[in-house]
*Asks:* 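Have a look at the structure that comes next, please.
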Amino acid sequence: MNKQDNKTILSIETSCDETSVAIISNNKVINNIIASSANKQTKFGGVVPEVAAREHEKNIINTLSNSLKDINIKKITHIAYTSTPGLRVCINVGEILAKTLANFLKIELLPINHLYGHIFSFWDLKSSIEYPFISLVASGGNTILYLVNSPNNIEVLNQTTDDAIGECYDKVARVLGLGYPGGPKIDKLFDESKANINFIHNKNFDTHKSFSFSGLKTAVLNYINNNKNKLNNDHIIEIVSSFQKQAIDILIDKTNYYLNLYKVNSISIGGGVAANNYLRNRISSLNIKNKYIPNKNMCGDNALMIGLYALLSLN
Ligand code: KG4
């Protein structure tokens, strides 16, 4: 019998604007229910913590009830939940529910680092994972490279000193009136052959230094400001394509640097920006053995990835 076979984990994710509950039982995904409040954030062009927290309060009980329809509650052996990082007022909603359930059912409570969920969101519960691997987590709040030696031995190699890459996608899209979230809109408009505007003039940045996206973001916003009267569709495509090309180049350059430095042959990606088609293509064409790329529906925040990591961390 596999060590994972006799475990049933109910996991809860509420760190940002997705209210999610998932169940993994006997090494099978039972469900992964997600209620997103992203549409409530559109008019603000980003996530407002108080708005997201109120939506979690509205949605959490229904999301839990829908998930529990598929299993006898007495079968649950562990409750896992996102305990950090994220919007504190949002995490609180999931945390109180997780603690109440674990206390009521008298079972083990597993506080989980949300970003570790993103690292392992590619895992299908069956395939074996080769360690060590480098992991690139890129989302609305984080841009981090990790060295993953095992589920319980994860080192941060590099993280952004200013904006996260997803934040820049959202800001550029907002200023161009493309809507929120900006990543998918820019991804759709992207045309590599039109990426002709050079926003980063000072290219001699050192690859080993921390990620930084605020310079690129400011350069794009200044360019848009200075060209307000010339923003037709073709010009917008040129701007977003150039922005995306240069932002993803930064991710790939640093990823390659650490793959070479640690002589690692495997990479995983995760986080909302990992749904980006251009990034996925660039990672797929890296000349290394294992490319652990999650399904697109596992890139955004969800409770299943929290349960997957919880399960791996127990072994
Ligand atoms: O992981 P995630 O769902 O949660 C937060 O960290 O908030 O990531 C959301 C971020 C947003 O900034 C969104 O614009 C970005 O991921 N995103 C994308 C794509 N889909 C979502 N960025 C680039 N390309 C995409 N296809």
Side-chain angles (χ1 to χ4, degrees), residues 13-20 32 34-42 44-49 51-53 55-56 82 84-91 94 112-122 135-144 159-160 162-176 178-192 211 213 216-217 220 240-241 243-252 268-283 293-306 309:
E13 156 61 37
T14 60
S15 67
C16 192
D17 55 353
E18 267 85 31
T19 312
S20 181
N32 183 26
I34 304 171
S36 175
S37 70
N39 59 347
K40 295 267 160 56
Q41 317 285 350
T42 310
F44 305 110
V47 179
V48 179
V51 174
E55 291 302 309
H56 286 309
T82 292
T84 189
L87 304 170
R88 197 59 244 176
V89 281
C90 295
I91 288 177
I112 299 292
N113 182 322
H114 168 88
L115 298 172
Y116 294 177
H118 280 307
I119 292 176
F120 289 96
S121 61
F122 68 88
S135 184
L136 169 67
V137 174
S139 68
N142 299 279
T143 310
I144 308 191
Q159 60 187 315
T160 182
D162 42 56
D163 296 331
I165 184 170
E167 222 175 314
C168 299
Y169 268 97
D170 295 336
K171 192 69 196 277
V172 169
R174 185 168 77 186
V175 171
L176 289 170
L178 300 175
Y180 174 84
K185 321 264 179 195
I186 291 178
D187 194 5
K188 229 180 185 170
L189 292 175
F190 179 72
D191 177 346
E192 194 169 1
F211 279 120
F213 291 97
L216 173 61
K217 181 187 78 180
V220 180
V240 297
S241 300
F243 159 70
Q244 169 157 303
K245 169 88 174 58
Q246 282 158 60
I248 302 293
D249 276 351
I250 295 172
L251 294 185
I252 297 292
S268 90
I269 57 171
V273 180
N276 185 270
N277 289 303
Y278 183 58
L279 174 62
R280 296 166 78 87
N281 291 340
R282 295 280 301 270
I283 293 287
I293 300 177
N295 288 333
K296 284 192 182 178
N297 62 2
M298 286 296 288
C299 292
D301 294 342
N302 67 86
L304 179 56
M305 67 180 195
I306 303 302
Y309 176 71

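Counting starts at 1 for both ligands and their atoms, following the listed order. Numbering of residues begins at 1 and proceeds along the displayed sequence.
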*Asks:* Of the protein's non-hydrogen atoms, which lies at the shortest distance from atom 26 (N) of ligand 1, and what is that distance?
*Replies:* Asp187 OD2, 2.9 Å
*Asks:* Please classify the Asp170 to ligand 1 contact at 4.0 Å (heavy-atom distances, strictly less than): side chain, backbone, both or neither.
*Replies:* side chain
*Asks:* May I ask you to check if ligand 1 and Gly271 share an N or O to N or O distance below 3.5 Å?
*Replies:* no
*Asks:* Tell me, which protein residue and heavy-atom name are nearest atom 24 (N) of ligand 1, and how many Å apart are they?
*Replies:* Asn276 ND2, 3.0 Å
*Asks:* Which protein non-hydrogen atom lies closest to atom 18 (C) of ligand 1, naming both residue and atom, and how far is it?
*Replies:* Gly183 CA, 3.4 Å
*Asks:* Is the shortest N/O to N/O distance between Gly272 and ligand 1 below 3.5 Å?
*Replies:* yes
*Asks:* Indicate yes or no: does an N/O atom of Tyr169 lie under 3.5 Å from an N/O atom of ligand 1?
*Replies:* no
*Asks:* Within a strict 4.5 Å, meaning less than it, do heavy atoms of the Leu279 and Gln244 side chains meet?
*Replies:* no
*Asks:* Show the atoms of ligand 1 that are less than 4.0 angstrom away from any heavy atom in Gly182.
*Replies:* 14 (O)
*Asks:* Are the side chain of Asn302 and the backbone of Leu304 linked by a donor-acceptor contact shorter than 3.5 Å?
*Replies:* yes
*Asks:* Check whether any side-chain heavy atom of Ser37 sits under 4.5 Å from a side-chain heavy atom of Val51, and report yes or no.
*Replies:* no
*Asks:* To the nearest 0.1 Å, how far is atom 9 (C) of ligand 1 from its closest protein heavy atom, and which atom is that?
*Replies:* Gly140 N, 3.8 Å
*Asks:* Could you check whether any side-chain heavy atom of Thr82 comes within less than 4.5 Å of a side-chain heavy atom of Asp301, counting everything from C-beta outward?
*Replies:* no
*Asks:* Quick one: does His114's side chain have a donor or acceptor within less than 3.5 Å of a partner on Thr14's backbone?
*Replies:* no
*Asks:* Hey, is His118 one of the residues with a heavy atom under 4.0 angstrom from ligand 1?
*Replies:* yes
*Asks:* Specify the protein heavy atom at minimum distance from atom 4 (O) of ligand 1: its residue, its atom name, and the distance to 0.1 Å.
*Replies:* Asp301 OD2, 3.4 Å
*Asks:* Within the 4.5 Å heavy-atom criterion, are Tyr169 and Asn276 side-chain neighbours or not?
*Replies:* yes
*Asks:* For ligand 1, is there an N or O atom under 3.5 Å from any N or O atom of Pro181?
*Replies:* no
*Asks:* Counting only heavy atoms closer than 4.0 Å, does ligand 1 sit against the backbone of Cys16, its side chain, both, or neither?
*Replies:* side chain
*Asks:* For residues Leu251 and Phe211, determine if any side-chain heavy atom of one lies less than 4.5 Å from a side-chain heavy atom of the other.
*Replies:* yes
*Asks:* Using a 4.0 Å cut-off to any heavy atom of Ala275, which atoms of ligand 1 qualify?
*Replies:* 26 (N)
*Asks:* Quick one: are Met305 and Ile119 in side-chain contact, heavy atoms under 4.5 Å?
*Replies:* no
*Asks:* Do Thr143 and Ile250 come close enough that some side-chain heavy atom pair is under 4.5 Å?
*Replies:* no
*Asks:* Is there a polar contact between ligand 1 and Asn277, counting only N or O atoms under 3.5 Å apart?
*Replies:* no
*Asks:* Keeping the roles fixed (side chain from Asp170, backbone from Pro181), state whether a donor-acceptor pair exists under 3.5 Å.
*Replies:* no
*Asks:* Side chain of Ser139, backbone of Gly272: donor and acceptor closer than 3.5 Å?
*Replies:* no
*Asks:* Can you figure out which of Ala164, Gly300, Ala274, Ser15 has its heavy atom closest to atom 3 (O) of ligand 1?
*Replies:* Gly300
*Asks:* I'd like to check which ligand 1 atoms, numbered from 1 as shown, lie under 4.0 Å from a non-hydrogen atom of Gly166.
*Replies:* 12 (O)
*Asks:* Which ligand 1 atoms does Gly141 reach within 4.0 Å, using its non-hydrogen atoms?
*Replies:* 6 (O)
